[in-house]
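Both backbone and side-chain heavy atoms feed into the values below; hydrogens, waters and symmetry mates do not. Given the structure is predicted, the values throughout are model-derived calculations rather than measurements.
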Amino acid sequence: MGRKNNTHVPDFILMGLTDSEEIQLVLFMLFLLIYLVTLLGNAGMILITHLDLQLHTPMYFFLRHLSFLDLSYSTVITPKTLQNLLTSTKYISYTSCFTQMSFFVFLGATECFLLSSMAYDRYVAICNPLHYPVVMSARFCSHLIFGSYMIGFVDSFVNGLCMSRLHFCNSNVIHHFFCDTTPVLALSCTDTHDIEIMIFIVAGSTLMVSLITISVSYVSILSTILKITSTSGKKKAFSTCASHLLGVAIFYGTMIFTYLKPSKSYSLGKDQVASVFYTIVIPMLNPLIYSLRNKEVKNALLRVMRKGEGSGQLK
């Protein structure tokens, strides 16, 4: 286990969530079920929004990318977690560990700014409905998506650059179920103060800038909704952004709880529960939140199914 002045350790050991074999089996079954629902829900959302022409709008264009991110996000973490729950050897190679971390940061940061883009879309739809088709053009939406992915890439690159400066010489045991930044930083035998500050600034800026964008959008939306005189008009306006607001609250709540605090306040139990929630559970919840509360998605699903039945009968 001991290694001296070795920057590139051959492997790490992921301690996981529990040492109890009985609890590991229960968690395996639970996480496997959640992962299958995540795959089905997000793949289904991508397929429906692609096949149904009535859903070829900016809101569902963003939602399709959100489903893709959630699908990727879960796939980066869950399969390895499932494997470790079934095996006694919980090794992950140095390369695999930092690859997992890089994709995790990339997808998380991208989702932050995608949620900001979705909030801006709702702002334009409710506050400037007459200009909506012009403002939220296909080209502008593509630019927002491209910008979100680019910011995610830059965040991931900076994080990877900082983490590559670490030296590991005392232990290779990661007290977590995946390669997250804070537990890996804790293994370093070199001073991590400057690296922690840099990562905190980058991660904090990503969270806060995107959260401020969302907050400003929803303050404007709320102000516009309150000016609507009819109750039905207020209800209709609020229903168009309720799902997104719920998704934002869940995602940002767990992210801020986990990352926007000093590393010394890292709590193994509480932070692992929060990590399970945003890496495994939230990717499953998003397609449910956006479909179960959305009549357009339900109607689109029925149209796609009827079209499929019609094609089958013709054959």
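Between Y35 and F31, the gap from one ring centroid to the other reaches at least 6.0 Å. Aromatic ring centroids of Y218 and H244 lie under 6.0 Å apart. Within the 6.0 Å centre-distance limit, the rings of F61 and H65 are counted as a close aromatic pair.
Here salt bridge (charged side-chain N to carboxylate O under 4.0 Å, His left out) pairs that include residues 43-54, with residues two or more places apart or in two chains, are D52-R303. Legend: disulfide (SG to SG under 2.5 Å) pairs involving residues 14-47, not counting sequence neighbours: none detected.
Using a 4.5 Å heavy-atom cutoff, the side chains of F12 and F98 are in contact. I77 places a side-chain heavy atom less than 4.5 Å from the side chain of F177. Annotation: side chain of S67 is not in contact with side chain of N286 (no heavy-atom distance under 4.5 Å). Taking 4.5 Å as the limit, some side-chain heavy atom of D121 sits within range of a side-chain heavy atom of Y132.
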Between S74 and T78, does a side chain to side chain donor-acceptor pair (under 3.5 Å) hold up when you go through it step by step? CA-CA 6 Å; S74 183; T78 310; 3.1 Å; yes
Could you walk me through whether S188 and T190 satisfy the side chain to side chain donor-acceptor pair (under 3.5 Å) test, starting with their C-alpha distance in whole Å, then the side-chain angles of each, then the deciding distance to 0.1 Å, before giving a yes or no? CA-CA 5 Å; S188 177; T190 52; 2.8 Å; yes
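Crowding of Y252 atom OH: a count of heavy atoms from other residues, nucleotides or ligands under 6.0 Å exceeding 12.
Hydrophobic clustering (ILVMFWY, side-chain heavy atoms < 4.5 Å, transitive): L285 and L30 are in one cluster.
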